[in-house]
Undergrad: 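First, the structure itself, so that you have it in front of you.
Chain letters run A, B, ... following the sequence lines, proteins first, then strands; residues in each count from 1. Atom set for the values below is all heavy atoms of this structure, side chains included, hydrogens, waters and symmetry mates excluded.
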Amino acid sequence: MTKEQEINLNPNPNDSEEKVSDQIQIRLDKLKALQDAGADPFLETSYEVTEHTAEIVEDFDRMAGKIVKVAGRIMSKRGMGKVSFCDLQDRSGKIQIFTRVNDIGEESYAKWQEFDIGDIVGVEGEVFRTKRGEISIRNSKFTLLAKSLRPLPEKFHGLRDTDTRYRKRYLDLIVNPEVKETFEKRSLIIRAIRNELEDRNFLEVETPLLNLIPGGAAARPFITHHNTLDLDLYMRVSPELYLKRLIVGGLERVFEIGRNFRNEGMSVKHNPEFTMMEVYQAYTDYHGMMELAEALVVRACKAVNKGSTIINFQGVEIDLTPPFARITMSDAVREHSGLDFSVIEDAQQAKQLAREKGVEGIEEHMGVGDILELCFETFAEPKLIQPTFVLDYPIEISPLTKKKPGQPHLTERFELFIYGSEFGNAYSELNDPLDQEERFRAQMAKRQAGDDEAHLQDDDFVEALSHGMPPTGGLGIGIDRLVMLLTDNPSIRDVLLFPTMKPLGGQAADNQTPSSSAEDDKTSGQFPTGSQKLDLSKVKVEPLFADMVDFETFSQSDFRVVKVLNCEEVPKSDKLLKFTLNDGSGTDRIILSGIKEHYKAEDLIGKTLVAITNLPVRKMMGIPSQGMVISAVYEHDGKEGLNLLILDDNIPAGAKLY
RNA sequence: GCACCAUUAGCUCAGCUGGCAGAGCAACUGACUCUUAAUCAGUGGGUCCUGGGUUCGAAUCCCAGAUGGUGUACCA
């Protein structure tokens, strides 16, 4: 028993040798003494609490003179010899306990004085006010309900280290009162949203977290496995397609508040699991959803902001009084950058204008819609501090949304932006099954071209739509971000009780099987693009260059045939493959190329490729890349297509291309 | 991957140009019958993240690494 305690209480579990801090040892000794005296606190099973501390403090006039029983944790002690004070903290707050030897006798007083900061006690006594005016309880009887065996963090500064606060949230909750307040508000916010939806006669439903096809959002899923069925399942990335099936089923108004899982990066705004509210309402459209979004945000805000719709977030005043501003995406871009997409004719022109404005991240394969979105993110999004609905998204990035009548490249979709961040996303839901099937096919093409975030085709969903879905508006609101906004917390980790954390030390490796099978599963089926039948009517290529290059200049570009000696994925990179090449010179050439989405590394070993070898060395992920391997790129149905040039193996390494 | 910052007692943190490892809280002993970051006197508590190096001497300077944070990048 004692030995186990010592091991478990070891402050540093990595030390196999026992080394218990003196403070812990002293508390263990006190516990042992109590147990030996037949007063084991851990044998206590209940305590009849009559009042919470805050009720006593707030309603002192009524409580004064009454005998109450409170229970909680000792937070601080102030001994005065034959009298002592301590603060007792319960769920509602704190109250001072006044203990006097005259009231309880020498023996009891000595026991009471043995208690430590952190111990859980029940105290019975009269409510009164001390000479200095502090509302207190005169301790007449007490029970130790649990012994604390470790010292609490410091009483004045609290627990500061953010990492420890997230990992040991219980300590954070004990010593940092504002943390408890944040999570109380989180509960109120969710309750307010639920109440508003119930007032509007919505039905709360639950749909599967384990999906065969993770649909409804462009995101990479987590993979898990069902043993009995021997079946890989995916954690849902969105409940959207299930909720719309329920609209087909005639439920008319449904919502779900629950966790989504996305296997993507983490940031101050992103946690791998996060809480979404999704709502679907038949017989309305995205205009209806704007009104609903306003109502939900306002109700949540008032619930935690003393009824006001004006908040302060990170020192900036934000007015959540409806109606929120409304602007189309292209108007927003024009307003904040001067670029007018309504007069832009093709992707080439869009790219050129965007480049002139200094937009980064432009890729050749992008269409007009992609460029518009990029410009929006660059110029407009950070400026949208006050709540703003941004309307009419490009069709390329909205595969579940109705087209805008008369403007088939746009969709009836909006996102709500506040403080430069996305808070909600809503559509006039696409209910045309034939159109939906086409959109899925376009997404699958994108996926087969290597975009593992593209939507997956869900035939069962299309079948559901083909039974007829009424015109429907759908809205999703990120609960965590809303809580951040309404509680003035800058990080999503501050509004999640237990945010996802990297394990400490080297324990990560122990749990992980080194198998690459998951990796294999993910990439298989995406390759190669060459085996996919392309609809040539949907292929677009870059216009030919008008400017001529003289032969002298051309021949200075050293294109060589190379053999792939080795090819491997660059660790931690989403895109890069690292090639080790024989270029005929006798020295290995290392080239990095961002085509992991299109090819599996091991499939390329031994292939004969073309590389340009006299480009300046460029570091990617810290690895110098000596040139580029050459691919054919084109656009297919708005998505990037890419084929590495693979040559006949009979061509020798180092052969120059003219 | 890169850049910057951090890592010193259970907690919060000082520690300058290299010279005995420090404070407050917490703990322990004692005093104190109305304190409230109680006070007063005393005591104990350290792998200065790890490993190298420079030096007569390193918490401090140099190199490498670990962990965490913040920012940034992943580009035919």
Side-chain angles (χ1 to χ4, degrees), chain A residues 9 11-12 14-15 19-27 29-30 75-87 94-103 109 116-118 128-136 138 148-168 171 175 265 267-268 360-366 490-491 493 501-508 542 569-578 591-598 611-612 615 618-625 628-634 640-645:
Chain A
L9 287 163
N12 182 359
N14 294 331
D15 282 354
K19 197 214 164 197
V20 178
S21 93
D22 56 344
Q23 297 202 36
I24 291 174
Q25 190 55 55
I26 286 161
R27 288 173 181 228
D29 292 345
K30 284 184 183 176
M75 296 303 290
S76 66
K77 294 167 72 182
R78 295 177 291 281
M80 294 285 302
K82 303 260 186 328
V83 182
S84 72
F85 301 86
C86 79
D87 291 331
K94 280 184 190 177
I95 197 163
Q96 177 169 272
I97 306 294
F98 174 75
T99 309
R100 206 163 61 139
V101 68
N102 304 28
D103 293 335
Y109 189 77
D116 290 303
I117 290 175
F128 77 113
R129 208 188 270 275
T130 62
K131 285 178 189 165
R132 299 291 275 268
E134 178 87 12
I135 294 166
S136 307
R138 188 184 307 275
S148 164
L149 297 175
R150 287 173 181 274
L152 280 177
E154 204 240 11
K155 68 180 174 193
F156 186 59
H157 297 93
L159 185 63
R160 285 282 171 75
D161 181 62
T162 51
D163 196 60
T164 312
R165 287 183 45 218
Y166 299 143
R167 289 182 195 279
K168 300 185 189 295
L171 289 179
V175 300
S267 78
V268 79
E360 288 176 15
I362 298 170
E363 290 170 33
E364 282 308 318
H365 63 86
M366 285 183 166
S491 167
R493 292 181 161 193
M501 300 291 282
K502 219 161 103 171
L504 282 177
Q507 20 178 291
E542 262 185 76
E569 294 182 3
V570 176
K572 290 192 183 175
S573 171
D574 297 335
K575 300 191 173 173
L576 291 174
L577 293 181
K578 179 184 168 192
I591 291 181
L592 276 72
S593 182
I595 56 170
K596 181 171 156 184
E597 294 173 4
H598 302 270
I612 179 163
L615 290 176
R618 207 171 169 194
K619 276 196 177 179
M620 300 182 201
M621 300 285 284
I623 307 166
S625 178
M628 278 183 193
V629 292
I630 305 302
S631 301
V633 296
Y634 51 92
E640 179 192 23
L642 181 148
N643 289 75
L644 204 50
L645 290 194

Undergrad: List in chain and number order the residues that pass ring-ring contact (aromatic ring centres under 6.0 Å, His included) with A:F98, two or more places apart in sequence or in another chain; answer none if no residue qualifies.
TA: A:F85, A:F128

Undergrad: Polar-atom pairs under 3.5 Å, protein N or O versus N or O of nucleotides 69-72 of chain B: list them with distances, or write none.
TA:
from: B:G69; atom 1: OP1; to: A:R493; atom 2: NH1; distance (Å): 3.1

Undergrad: Have a look at A:N102 and say if it touches a base, only the backbone sugar-phosphate, or nothing, with a 4.0 Å heavy-atom cut-off.
TA: base

Undergrad: Using the salt bridge (Lys or Arg N to Asp or Glu O under 4.0 Å) criterion, which residues pair with A:R100? Sequence neighbours excluded.
TA: A:D103

Undergrad: Output a table of nitrogen or oxygen pairs between the protein and nucleotides 4-9 of chain B separated by less than 3.5 Å.
TA:
none

Undergrad: Give the C-alpha distance, both sets of side-chain angles, the deciding distance and a yes or no for side-chain contact (heavy atoms from CB on, under 4.5 Å) between A:Q23 and A:D116.
TA: CA-CA 11 Å; A:Q23 297 202 36; A:D116 290 303; over 6 Å; no

Undergrad: Starting from P on B:U29, measure out to CG on A:D29 and report it in whole angstrom.
TA: 12 Å

Undergrad: If you restrict it to nitrogen or oxygen atoms, what contacts under 3.5 Å exist between nucleotides 23-26 of chain B and the protein, and what is each distance?
TA:
from: B:G24; atom 1: N2; to: A:E154; atom 2: OE2; distance (Å): 3.3
from: B:A26; atom 1: OP1; to: A:K155; atom 2: NZ; distance (Å): 3.0
from: B:A26; atom 1: O2'; to: A:Q23; atom 2: OE1; distance (Å): 3.4
from: B:A26; atom 1: N3; to: A:Q23; atom 2: NE2; distance (Å): 3.0

Undergrad: Please report, rounded to the nearest Å, how far the P atom of B:U12 is from the CZ atom of A:R165.
TA: 11 Å

Undergrad: Starting at atom CD of A:E134, determine the distance to atom C1' of B:A37, rounded to an integer number of angstrom.
TA: 13 Å

Undergrad: Send over the distance from A:M75 CE to B:A38 C1', rounded to a whole Å.
TA: 17 Å

Undergrad: Determine, stepwise, if the pair A:Q96 / A:R78 fulfils side-chain contact (heavy atoms from CB on, under 4.5 Å).
TA: CA-CA 10 Å; A:Q96 177 169 272; A:R78 295 177 291 281; 2.7 Å; yes

Undergrad: Return the value, rounded to whole Å, for the distance between atom CG of A:D22 and atom P of B:U43.
TA: 16 Å

Undergrad: Kindly write out the residues that satisfy side-chain contact (heavy atoms from CB on, under 4.5 Å) with A:T99, not counting sequence neighbours, or none if the list is empty.
TA: A:S84, A:I97, A:I104, A:Y109, A:W112, A:N139

Undergrad: Output all residues satisfying salt bridge (Lys or Arg N to Asp or Glu O under 4.0 Å) with A:K155, sequence neighbours left out; order by chain, then residue number.
TA: none

Undergrad: Given a 3.5 Å cut-off on both pairing distances, which stems involving RNA chain B, each at least three consecutive Watson-Crick or G-U pairs, are present, if any?
TA: B:1-7 with B:66-72, B:10-13 with B:22-25, B:27-31 with B:39-43, B:49-53 with B:61-65

Undergrad: Which residues pass the salt bridge (Lys or Arg N to Asp or Glu O under 4.0 Å) test with A:R138, sequence neighbours left out?
TA: A:E126

Undergrad: What's the shortest heavy-atom distance between A:P490 and A:V268, and which atoms?
TA: O-CG2, 3.4 Å

Undergrad: Identify, with sequence neighbours excluded, every residue that meets salt bridge (Lys or Arg N to Asp or Glu O under 4.0 Å) alongside A:R129.
TA: none

Undergrad: Tell me every residue that passes side-chain contact (heavy atoms from CB on, under 4.5 Å) with A:T164, counting only those two or more places apart in sequence or in another chain.
TA: A:L159, A:D161, A:K168

Undergrad: In whole angstroms, how far is the C1' atom of B:C32 from the CZ atom of A:R100?
TA: 15 Å

Undergrad: Within this structure, what is the CZ-CD1 distance for the pair A:R150 and A:I24, rounded to the nearest 0.5 Å?
TA: 4.5 Å

Undergrad: For A:F85 and for A:D161, find the nucleotide of RNA chain B with the closest heavy atom, then tell me which residue's nucleotide is more 5'.
TA: A:D161

Undergrad: Tell me every residue that passes side-chain contact (heavy atoms from CB on, under 4.5 Å) with A:I26, counting only those two or more places apart in sequence or in another chain.
TA: A:K30

